There are 2 protein chains.
Amino acid sequence: MSKCEQCIIRQFNSLKALTKEELVRISGCKTSRIIKKGEVIFEEGDTINGVFCVKDGVCKLSKLSSNGRDQIVKLVVKGDLLGQRSLVGEESANLSAVALNDMEVCFIPKHEIMNDLQKNTKFTLDMLQQMAHDLKESDNVIVDMAQKSVKNRLADVFVYISEHFGVDDQGFLAINLSREDYANIVGTATESAIRIISQFKKEGLISTQGKQIKIENLQKLKRVE
Amino acid sequence: MSKCEQCIIRQFNSLKALTKEELVRISGCKTSRIIKKGEVIFEEGDTINGVFCVKDGVCKLSKLSSNGRDQIVKLVVKGDLLGQRSLVGEESANLSAVALNDMEVCFIPKHEIMNDLQKNTKFTLDMLQQMAHDLKESDNVIVDMAQKSVKNRLADVFVYISEHFGVDDQGFLAINLSREDYANIVGTATESAIRIISQFKKEGLISTQGKQIKIENLQKLKRVE
DNA sequence: ATCAAAACATGACAAAAATCATATTTTAAA
DNA sequence: TTTAAAATATGATTTTTGTCATGTTTTGAT
């Protein structure tokens with residue numbers, strides 16, 4: 001099994017603040033795992049007892065609303081940590097995590113990393129920084145959800161995905177979400193999302209091939225209201 | 001000026017994790033301030049350089065959306081810290097803070113408290129815990145914003161306020177928000193908020209006197225969809 | 001390759017919410 | 001206390017979004 005202290009992924013998250021010795025120790029107790037597309041990593045209410053370090057792939061974090069619909073709150077990508085909140089406090093998971101494509105993750109048990117959280121201030125401060133950033137992002141999402149139209153939000157999602165995940169060799173968005181996933185990100189009915197996608201196609205903002213989406217006019221997409 | 005080490009307010013926030021010595025030092029450099037209703041504490045984009053400890057009163061944290069409307073993201077109350085995020089990272093404020101009634105706050109300069117953040121792990125962990133909690137709350141707000149109707153969200157706000165701020169001796173909600181504030185919390189047009197308030201009155205869920213609101217049927221209010 | 005299930009697409013209609021107009025009431029300043 | 005401004009209220013209308021129905025395409029298992 002590969003070793004944490006040699007893993008370049010940790011450069012992208014708070015684990016970079018750990019010392020070599022700490023990494024060696026964690027390396028010894030972590031478990032690596034392949035997760036297939038569509039597989040559930042954990043569910044709302046589960047007790048997680050550790051963090052996942054995402055080595056490859058993407059997953060969605062979502063929560064079931066009282067109206068029976070799933071709301072996707074965040075996309076977690078290669079380099080991110082998953083389930084940090086399980087480290088602070090004893091609460092169970094507030095969100096469900098489901099793989100959007102094949103993933104490779106490492107799981108680090110809580111009891112191993114809690115030591116570092118209590119002794120390595122650099123690590124704790126880095127986590128604090130990360131959470132502060134996430135909190136800011138969340139606040140911005142709240143504002144967008146409350147104030148922007150569904151059409152605007154969906155356009156934003158396409159822009160966001162193209163900028164954060166890039167495109168494949170044919171120019172299609174590098175991750176493929178279902179129309180239902182798109183609807184669950186912007187918080188609308190699946191039919192509404194499909195309808196807006198059709199409209200965007202007619203207006204030349206995007207094109208599609210099957211479920212794949214290609215951005216044809218990024219500037220116009222950014223100006224959708 | 002009153003002393004932090006004797007102030008009971010700190011029991012409600014992360015400052016409780018500081019030692020007596022740290023508190024004495026902070027007490028020596030903090031400034032106390034009275035803020036009048038409607039006064040701006042800081043604005044989006046401001047550099048804050050410290051945290052406010054709210055000794056009394058309530059303020060709203062809001063952000064101006066691209067459509068020109070203000071979205072209230074959070075209500076900050078007695079006992080809360082305000083502007084924690086300024087402590088981690090150098091970013092300017094993401095939200096504006098405006099007093100909803102007369103307030104009393106203490107301001108602790110960043111450079112004074114940063115020491116503690118780097119040396120007192122208990123304090124840092126407590127802040128981490130607080131942020132983790134805020135993050136969870138934010139995620140829940142996102143879900144509600146995306147999935148619940150305006151009517152449902154407004155009903156939730158009345159329930160939330162009655163449960164977090166209580167009522168005065170005549171039974172009216174203890175904090176008085178304008179109809180516009182209510183609209184800016186749930187993310188709707190002011191007219192829509194007013195219309196729903198009228199409807200709630202007709203249905204006997206609430207009653208009003210001027211801008212004051214009294215909850216008449218909490219159970220029904222909780223069942224609004 | 002075949003076939004059923006899932007995902008995508010679109011029309012018709014209903015419901016929710018925004019917008020614009022216009023009173024009325026309340027509040028705060030002169 | 002008067003009075004103008006701000007906040008509240010409500011009607012009429014339009015726009016946005018959701019729901020239900022139904023057909024088509026795509027996908028994945030056999």
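Convention: sequence-line order gives letters A, B, ...; per-chain numbering from 1. Just so we're clear, the structure is a prediction, and the values are computed from it rather than from any experiment.
Rounded to whole Å, the distance from CD on B/Gln209 to P on D/dT8 is 15 Å. Straight-line distance from the CD1 atom of B/Ile194 to the C1' atom of D/dA7: 7 Å, rounded to whole Å. Atom-to-atom, NZ of A/Lys36 to P of D/dG28 comes out at 14 Å; the value is rounded to the nearest Å. Atom CD in A/Gln199 sits about 14 Å away from atom P in D/dT15, given to the nearest Å. In this structure, the CD atom of A/Glu180 is 13 Å from the P atom of D/dT19, given to the nearest Å. If you measure from atom NZ of B/Lys202 to atom C1' of D/dG11, you get 11 Å, rounded to the nearest angstrom. Note: CD (A/Glu225) to P (D/dT17) measures 13 Å, nearest angstrom. Atom CD1 in A/Ile206 sits about 13 Å away from atom C1' in C/dC8, given to the nearest Å.
Under the ring pair (Phe, Tyr, Trp, His ring centres under 6.0 Å) criterion, B/Phe165 pairs with no residue at all, not counting sequence neighbours. The ring pair (Phe, Tyr, Trp, His ring centres under 6.0 Å) check on A/Phe200 picks up nothing, with sequence neighbours excluded.
For A/Ser62 and A/Gln71, the side-chain atoms include no donor-acceptor pair closer than 3.5 Å. Side-chain atoms of A/Asn13 and A/Asp80 include no donor-acceptor pair closer than 3.5 Å.
An OP1 or OP2 oxygen of D/dT8 is reached within less than 4.0 angstrom by no side-chain nitrogen or oxygen of B/Ser198.
Within the 4.5 Å cutoff, no side-chain heavy atoms of A/Val77 are placed close to those of A/Val54.
Summarising the local packing, NZ of A/Lys214 is surrounded by more than 12 heavy atoms from other residues, nucleotides or ligands at distances under 6.0 Å.
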Open item on the list: For nucleotides 17-30 of chain C, give me one character per nucleotide, 5' to 3': B if any protein heavy atom sits under 4.0 Å from the base, S if the only such contacts are to the sugar-phosphate, - if neither.
Closed with: SBBB----------
